[in-house]
Structures are given as structure tokens and as C-alpha cells.
Amino acid sequence: MHSYSALFGAFFFTLLLLLGIAIVTLVSKWKVYAKLGMPGWYSLIPIYSDCKLYEYVRGNEENKTLVMAYLIISLLTIAQLATIIIFLNNLVQIFV
């Protein structure tokens, strides 16, 4: 019983740490967009915010290769995260 309380404490601490990092990241991105003269809410939408940032940096050039490469890498990362979650869920089911 004692080991479960330690596990819960570690999980809660990790959750708070990740939440803190997420909040700092969102506030920082919001300020970057505000300084660029763009709406701050762009920072709340994950892929759209980066597309808008690349459009600002690249200007009105027709070369969209960098944006497309970033989108493909982002989607692969999301797919990898989903795969890890499914794997861990199946692993938990073995021990329950």
C-alpha cells in the first residue's frame, strides 16, 4: 500500500511539472506573437501557430517547403506519441 502512495506522489509531481512547463511555453509564445504584431491566440493552436510564424518569417515567398517539412515532422511526432500511448495502455492491461 505504501508503494502506491509514493507512485501517486511521483505521478502528481510529474503532472504539475509538465503543466508548469506548458503554461510557461504558452505565455512565452503569446508574448512573441504579440511583439510581432500578431494576435496572441495563435499560440494556443499548435500547428496553425507555427504555420503563421513561418509565414511571418518567410514573408510572402511562394517557397512553402520549410512549412510542409515542419508539418510532416509534426504529424509524425503526433503519430509516434499516439503509438506510445497505445503501447503503454496495452502494457498496463497485462499487469491488471
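Side chains included, hydrogens not; waters and symmetry mates left out as well; all remaining heavy atoms used. Nothing here was measured: the structure is a model prediction, and the numbers come from that model.
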Checklist entry - Above 12 or not: heavy atoms from other molecules or residues under 6.0 Å from CD of Gln80? => result no
Checklist entry - Applying the 4.5 Å side-chain criterion to the ILVMFWY set and letting contacts propagate, would Leu75 and Ile45 be lumped into a single cluster? => result no
Checklist entry - ring-ring contact (aromatic ring centres under 6.0 Å, His included) with Tyr42: which residues, sequence neighbours excluded? => result Tyr48
Item to check | From CG (Leu88) to OG1 (Thr83), nearest 0.5 Å | outcome: 11.0 Å
Checklist outcome for this item: side-chain contact (heavy atoms from CB on, under 4.5 Å) filter on Ile85, not counting sequence neighbours, yields Leu81
Item to check | Interatomic distance, Trp30 atom CH2 to Trp41 atom CH2 [nearest 0.5 angstrom] | outcome: 9.5 Å
Item to check | Hphob cluster co-occupancy, Leu44 + Ile78, side-chain heavy atoms under 4.5 angstrom | outcome: no
Listed pairs under 3.5 Å, donor-acceptor, residues 12-29 side chains, sequence neighbours left out:
| unit_1 | atom_1 | unit_2 | atom_2 | d |
| --- | --- | --- | --- | --- |
| Thr14 | OG1 | Ala10 | O | 2.8 |
| Thr25 | OG1 | Ile21 | O | 2.8 |
| Ser28 | OG | Val24 | O | 2.7 |
| Lys29 | NZ | Ser49 | OG | 3.4 |
| Lys29 | NZ | Asp50 | OD1 | 3.4 |

